[in-house]
Amino acid sequence: MIQTVSTMPFNDQKPGTSGLRKKVRIFEQPHYAENFIQSVFDSLDGFAGETLVLGGDGRFLNREVIQIALKMAAANGFGRVLVGQGGILSTPAASHLIRSSGAFGGLVLSASHNPGGPDEDFGIKYNVSNGGPAPEKVTDAIHARTLSIDSYRIFEADDVDIDTIGVSQLGDMSVEVIDPVADYADLMESLFDFTAIRAMIAGGFTLAFDSMSAVTGPYAVEIFERRLGAPAGTVMNATPLPDFGHHHPDPNLVHAKDLYDRMMAPDAPDFGAASDGDGDRNLIIGRHCYVTPSDSLAVLAANAHCAPGYAIGLKGIARSMPTSGAADRVAEKLGIPLYETPTGWKFFGNLLDAGMATICGEESAGTGSDHVREKDGIWAVLLWLNILAARRQSVAQIMAEHWATYGRNYYARHDYEAIAKDRADALMAALRDRLEGLPGTVNSGGTVSSADDFAYTDLTDQSVSRNQGVRILFDDGSRVVFRLSGTGTEGATLRVYIERYVGPDGDLGLSTGEALAPLIAAAQEVADIASYTGMDQPSVIT
């Protein structure tokens, strides 16, 4: 039986960079999740009888919201829902499933790399039929509907068994519970030389993968241990837990410190990697050699031809504006286009759909290709393993040769977290007011050559995105970028991106802190960060 339930709008349901993310206690309010899901459905046309993909990263509240979404999909006229067994579906696997099944779209329940638990974070994201995040015109429509919604529709029924693979009915809609891993693992095996990687591992190559008690555990065990033959236990923290085992499932040097320490030890494995809460980010560390996300993108692009899925070469490379220019130099040498976009994978999706780019990446540890329309942590790890198997060199050797060829982009991101939103907005407003007068001025970083607020015109649909981050560029090619993050759930996060390029003949062996010290001081001078945030040091440096 379909019920129509009266409701009132919430004024805080504007989707961010990747859907709606809030604290669990906010999502637990009566009608809160229902309002947002109904607003998604009300913003779409033509889905009667169509297929919806549904799954999440297993975090706290995942199973409860899946039941709500199933019953609302039935009440709103979907013909079929594909749901991952146990409610589990990584973000890249969801993207692949949407594409391979011809689904109308999908609901991905995740707050990505944010922590999980009853006092932590939850999220809902809608992905469109290409498998990628909804574009701004869709998220704008969803937000507008959240502000006027007065009712939602839900099917009155017992909860669906989502733990047993098979098909059941919810009214006129079929619910198909599927193996969340198999199709994705098959896709990976079609792109990479599993025979070569398996031989490398059998020959003594050692690796460690930290799933951070998050969604990639089952995927990593199937791929690295079962299909590639790595010893049992290679995948650490392999069981997805509602609170991620009290981990903060962000694969950076702060939250994956145990893996970092292991990789820096005298008896370190040859290769270490990690992924995040929903499986779309990655961390790459060779023995005694950390690889920044920006450098990883560049190395993967330069060596993608080593993998069968990319043997014919790349159509283009795309990176987000805050990501370092390391990939630009690879694109130039390969003679292919380099696209600089705002932060957010949806901007890459248009380029991928148009056949203009093959590999994309963001400095926030997200890398992927045209195999799906999301960033993909395990994909990045497998491409690294394929390159290592083909080149028969260590990660450190590959990085040294890369810098000797292209030069080195010393790079860091400083995050100032949980700032009062009015203070963060005031800092950015003051920066924007100063832009016109900055060129020609001198500070600790040198002489400012230009300063702007990044705007992007999409090459595929001519849509314009403004106010995407303030850029301060210096005469020597260095830069500092200031941007407010769209992925947090509490207060505001100021991200400061600091970059200095040194050519192949320069000093390629500096520590990152030493190389960037003058620019770090310049960032403080230009933006007066301490005064606005009340913080003398960033919360996290990556």
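We use all heavy atoms of the structure for the numbers below, so side chains are in, but hydrogens, waters and symmetry mates are not.
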Closest approach of [X] and [Y], non-hydrogen atoms and distance?
X    : Y    : result
R483 : P322 : CD-CG, 4.3 Å
L207 : T234 : O-CG2, 3.3 Å
I284 : Y290 : O-CD1, 3.8 Å
P180 : I88  : CB-O, 3.1 Å
C289 : V395 : SG-CG1, 4.1 Å
S369 : W379 : CB-CZ2, 3.5 Å

Looking only at atom types and distance, does a side-chain atom of [X] sit under 3.5 Å from a main-chain N or O of [Y], one as donor and one as acceptor?
X    : Y    : result
N282 : A365 : yes
S211 : S213 : no
T139 : P15  : no
H143 : D140 : no
E225 : V235 : yes
N35  : M8   : yes
N62  : G87  : yes
N76  : M72  : yes
R227 : F224 : no
R281 : S364 : yes

What's the verdict on side-chain contact (heavy atoms from CB on, under 4.5 Å) for F122 and K23, showing C-alpha distance, side-chain angles and the deciding distance?
-> CA-CA 6 Å; F122 189 77; K23 291 295 182 185; over 6 Å; no

Donor-acceptor side-chain pairing of [X] and [Y] below 3.5 angstrom:
X    : Y    : value
D276 : S112 : yes
W384 : S296 : yes
S95  : N127 : no
S110 : D57  : yes
D270 : T206 : yes

Applying side-chain contact (heavy atoms from CB on, under 4.5 Å), run through Y411 and D295 and close with a yes or a no.
-> CA-CA 9 Å; Y411 183 87; D295 275 343; over 6 Å; no

Evaluate the salt bridge (charged side-chain N to carboxylate O under 4.0 Å, His left out) criterion for residues D425 and K421: first the C-alpha distance (whole Å), next the side-chain angles of each, then the deciding distance (0.1 Å), finally the verdict.
-> CA-CA 6 Å; D425 289 341; K421 190 172 185 309; 2.9 Å; yes

More than 12 foreign heavy atoms under 6.0 Å from CG of D158: is that the case here?
-> no

Neighbour count >12 (heavy atoms, 6.0 Å) for atom OH, Y260 = no

Close aromatic pair by centroid cut-off 6.0 Å: F47 and F78 | yes

Between Y416 and Y532, does the ring centre distance come in under 6.0 Å?
-> no

Would you check, one step at a time, whether the test side-chain contact (heavy atoms from CB on, under 4.5 Å) holds for V496 with V481?
-> CA-CA 6 Å; V496 184; V481 176; over 6 Å; no

Under 3.5 Å donor-acceptor pairs involving side-chain atoms of residues 171-179, not counting sequence neighbours:
residue: E176; atom: OE1; partner: R80; partner atom: NH1; Å: 3.3
residue: D179; atom: OD1; partner: V181; partner atom: N; Å: 2.8
residue: D179; atom: OD1; partner: A182; partner atom: N; Å: 3.3

Within-4.5 Å side-chain heavy-atom neighbours: H255 and M212 | yes

Point-to-point distance, once rounded to the nearest 0.5 Å, from CG of L109 to CD1 of I124 = 6.0 Å

To the nearest 0.5 Å, tell me how far M188 CE sits from D376 CG.
-> 5.0 Å

Between [X] and [Y], is there a side-chain N and carboxylate O pair less than 4.0 Å apart?
X    : Y    : result
R413 : D415 : yes
D121 : R21  : no
R59  : D243 : no
E374 : R99  : no
R153 : D42  : yes
D261 : K257 : yes
E362 : K375 : yes

Take F209 and S275, measure what side-chain contact (heavy atoms from CB on, under 4.5 Å) needs, and give me the verdict at the end.
-> CA-CA 8 Å; F209 184 89; S275 192; 3.8 Å; yes

Pairs satisfying salt bridge (Lys or Arg N to Asp or Glu O under 4.0 Å), at least one member in residues 70-79, at least two apart | K71-D159

